[in-house]
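The next block holds one structure in the form of structure tokens; read it before the comments.
This is a predicted model, so every value here is computed, not measured.
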Amino acid sequence: MFARRAAWDLRPTDFARHVAARRAAGLPILDLSESNPTRCDLARTAALADALAELTRDPAITHYEPDPRGDLAARTTIAAYHARCGARVAPEQIVLTAGTSEGYAHLFRLLGDPGDVVHVPAPGYPLFEHLAALEGLRVERYPLLPPRRGARWRVDLDAFAATLGPRSRALLVIDPHNPTGSFVDPEDWASLRSIARERGLAIVSDEVFADYGEGGASVPGALAGADDGPLHFVLSGASKVLALPQLKVAWIVVAGSAAARDEALARLEFIADAFLSVSPILARALPLLFAERESIQHAVRARVAANRARLAELLAGSGAAPLPFEAGWSAIVRVAGSRGEEALAMSLLDRGVLVQPGYIFDLDRRDADGARCAHLVVSLLLEPEVFARGVALLRDRLAEPRSADSS
Ligand SMILES: Cc1ncc(COP(=O)(O)O)c(C=O)c1O
């Protein structure tokens with residue numbers, strides 16, 4: 001009765017069952033996986049209320065004039081935002097979407113036929129496989145190599161090249177990457193661009209965390225210099241840029257040589273026109289909320305930096321340590337030795353702490369030197385006191401004998 005693309009195994013995993021059972025029993029859970037800013041005391045209620053109040057005085061919201069690319073004032077604001085890194089971006093190069101996931105879906109529809117392949121990083125964003133499958137596409141993973149002595153994660157270019165084939169259509173890049181927290185190295189960018197150009201692949205780069213570099217570092221801007229390169233789509237959105245996931249406004253910037261770019265835009269506009277999914281009212285709130293961007297991001301960066309420092313401090317001498325970090329909202333904790341990730345996460349849950357085992361993000365269970373380890377991913381957005389309590393419980397758990405992993 002149902003399509004093969006909808007034939008998922010909907011049974012909850014053991015881990016999900018364990019979480020649900022604990023919740024049903026009314027037992028407390030300290031959720032170190034919480035990455036929704038509105039649940040971490042980072043909601044910007046006043047900014048949102050002011051923007052919505054101002055909107056009610058905007059005569060434009062009383063008429064419906066659909067624009068498939070999305071509200072022009074919103075696109076003008078986004079174009080100025082992307083121009084901050086020296087790129088030339090016009091509002092006409094932007095298409096609004098209802099969230100980044102919809103942006104991926106539109107691009108998969110634009111770029112691939114059923115059975116075609118998109119190349120995604122591993123470790124990476126777990127949703128890619130589902131988003132691609134929903135459009136009938138397959139994913140091929142290209143490995144990211146873990147940092148050695150303080151450097152960043154690097155693309156395994158040989159392994160990537162080995163997975164390219166006649167059905168390859170697009171290369172997905174996350175910059176900075178979630179959950180590794182690494183920026184894409186400029187040398188890797190240059191190699192990926194030249195492979196994409198040679199093999200006729202479009203590049204899709206997800207820059208949702210671009211403004212959350214440690215110490216204010218930002219992406220050099222994939223768009224600067226993209227005018228004479230391969231077709232390049234940059235994804236971002238209010239969910240991370242303004243820490244307002246509930247706005248459900250994201251965008252695609254289209255770049256590349258003029259002819260390919262304009263044709264892609266015309267076709268993308270056709271797809272967007274079939275849905276007209278972004279509320280023009282909410283899109284008009286975007287310029288008002290962008291005025292608060294610096295202060296919103298300042299608060300998030302301060303939270304992330306404080307939690308990051310606390311994480312390193314609390315884990316010192318515990319046999320676990322956070323991996324090097326450049327940007328983003330999460331941290332990877334590496335636990336040395338051959339503990340099972342799921343057993344460790346389950347035993348932590350029994351002690352009231354929820355963390356995400358690394359396999360969810362396709363993290364390898366070996367470190368850069370090939371030694372066995374487990375990875376746990378934790379959110380750095382949490383309120384500092386909650387975060388510290390959770391990490392202290394993790395540290396205490398690691399001090400217990402190994403046999404307790406499965407208890
Ligand atoms: C790399 C990456 N892209 C996109 C998103 C989600 O964006 P949106 O809320 O706009 O769908 C996330 C969420 O964590 C993410 O990690």
Side-chain angles (χ1 to χ4, degrees), residues 8-41 123 125-127 178-181 303-304 306-323 325 328-367 371-407:
W8 309 281
D9 182 354
L10 292 176
R11 284 170 303 179
T13 60
D14 282 352
F15 189 61
R17 261 203 302 274
H18 224 67
V19 176
R22 196 171 163 93
R23 288 216 162 98
L27 294 167
I29 295 184
L30 239 156
D31 188 354
L32 287 191
S33 73
E34 184 59 80
S35 58
N36 174 347
T38 68
R39 290 206 206 115
C40 298
D41 196 29
Y125 188 36
L127 215 52
N178 182 40
T180 70
R303 173 71 61 84
V304 165
N307 283 338
R308 213 168 129 90
R310 201 83 176 97
L311 182 66
E313 190 184 299
L314 285 168
L315 290 182
S318 70
L323 294 190
F325 167 94
W329 291 4
S330 42
I332 301 174
V333 174
R334 177 172 287 159
V335 184
S338 57
R339 294 171 193 261
E341 268 173 8
E342 175 131 325
L344 181 55
M346 291 262 207
S347 77
L348 279 165
L349 192 59
D350 289 340
R351 286 152 183 80
V353 188
L354 175 58
V355 295
Q356 288 180 294
Y359 69 82
I360 291 179
F361 299 90
D362 262 334
L363 278 155
D364 211 353
R365 277 166 227 184
R366 295 197 180 267
D367 66 17
R372 285 184 66 91
C373 62
H375 291 113
L376 303 173
V377 177
V378 297
S379 163
L380 296 169
L381 281 197
L382 288 155
E383 291 171 78
E385 187 268 327
V386 177
F387 184 77
R389 258 195 299 140
V391 177
L393 283 165
L394 164 63
R395 182 201 53 206
D396 295 348
R397 168 68 200 83
L398 293 173
E400 291 172 25
R402 287 286 179 85
S403 56
D405 276 3
S406 51
S407 70

### Task
Would you check if W329 and N307 make a side-chain contact, meaning some heavy-atom pair closer than 4.5 Å?
no

### Task
Report the residues that fulfil ring pair (Phe, Tyr, Trp, His ring centres under 6.0 Å) with Y125, sequence neighbours left out, ordered by chain and then residue number.
F128

### Task
State which residues pass salt bridge (charged side-chain N to carboxylate O under 4.0 Å, His left out) with R22; sequence neighbours excluded, sorted by chain then number.
none

### Task
Using the test side chain to side chain donor-acceptor pair (under 3.5 Å), find all partners of R39 that sit at least two apart in sequence or belong to another chain.
E34

## Note on the structure
On a heavy-atom basis, the closest approach of P322 and R308 is CB-NH1, 3.9 Å

### Query
Who pairs with R395 by side chain to side chain donor-acceptor pair (under 3.5 Å), at least two apart in sequence or on another chain?
none

#### Entry: Heavy-atom closest contact (A374 atom, L344 atom, distance)
CB-CD2, 4.5 Å

### Task
Could you tell me which non-hydrogen atom of S318 sits nearest to which non-hydrogen atom of L398, and how far apart they are?
O-CB, 4.0 Å

### Query
Going through the distances and angles, do V335 and R397 end up as a side chain to side chain contact (heavy atoms under 4.5 Å, CB included)?
CA-CA 12 Å; V335 184; R397 168 68 200 83; over 6 Å; no

### Query
To the nearest 0.5 Å, what is the distance between NE2 (H375) and CZ (R365)?
10.5 Å

#### Entry: side chain to side chain donor-acceptor pair (under 3.5 Å) partners for D31, two or more places apart
S33

### Task
Quick one: pull up CG in L354 and NE2 in H18 and give me the separation to the nearest 0.5 Å.
11.0 Å

### Task
Applying side chain to side chain contact (heavy atoms under 4.5 Å, CB included), run through F325 and V304 and close with a yes or a no.
CA-CA 11 Å; F325 167 94; V304 165; 3.9 Å; yes

### Query
Below 4.5 Å, heavy atoms only, C-beta onward: do L363 and I332 meet side chain to side chain?
yes

### Query
Rounded to the nearest 0.5 Å, what separation is found between the OG atom of S330 and the CD atom of Q356?
8.5 Å

### Query
How far apart are the C-alpha atoms of I29 and V19, what are their side-chain angles, what is the distance that settles it, and do they pass the side chain to side chain contact (heavy atoms under 4.5 Å, CB included) test?
CA-CA 9 Å; I29 295 184; V19 176; 4.1 Å; yes

### Partners meeting side chain to side chain donor-acceptor pair (under 3.5 Å) with Y359 (sequence neighbours left out)
E342

### Task
Over all heavy atoms of both residues, which pair between L32 and V391 is shortest? Give the atoms and the distance, please.
CD1-N, 4.1 Å

### Query
Can you name the salt bridge (charged side-chain N to carboxylate O under 4.0 Å, His left out) partners of R334, sequence neighbours left out?
none

### Message
D364: which residues meet the salt bridge (charged side-chain N to carboxylate O under 4.0 Å, His left out) condition with it, sequence neighbours left out?
### Response
none

### Task
Sort out for me which residue in P179, P123, S35 forms a side-chain contact (heavy atoms from CB on, under 4.5 Å) with V377.
P179

## Note on the structure
Minimal heavy-atom distance between L314 and A392, with the atoms involved, is CD1-N, 4.4 Å

### Query
By salt bridge (charged side-chain N to carboxylate O under 4.0 Å, His left out), which residues pair with R17, not counting sequence neighbours?
D14

Check: residues 380-390 side-chain donor-acceptor pairs under 3.5 Å, at least two apart:
unit_1 : atom_1 : unit_2 : atom_2 : d
E385   : OE2    : R389   : NE     : 2.9

### Query
Which heavy-atom pair separates P357 from L376 by the least distance, and what is that distance?
CA-CD2, 4.3 Å

### Summary
A25 meets the side chain to side chain contact (heavy atoms under 4.5 Å, CB included) criterion, sequence neighbours left out, with L27

### Task
Could you list the residues that satisfy side chain to side chain contact (heavy atoms under 4.5 Å, CB included) with L393, not counting sequence neighbours?
L30, V353

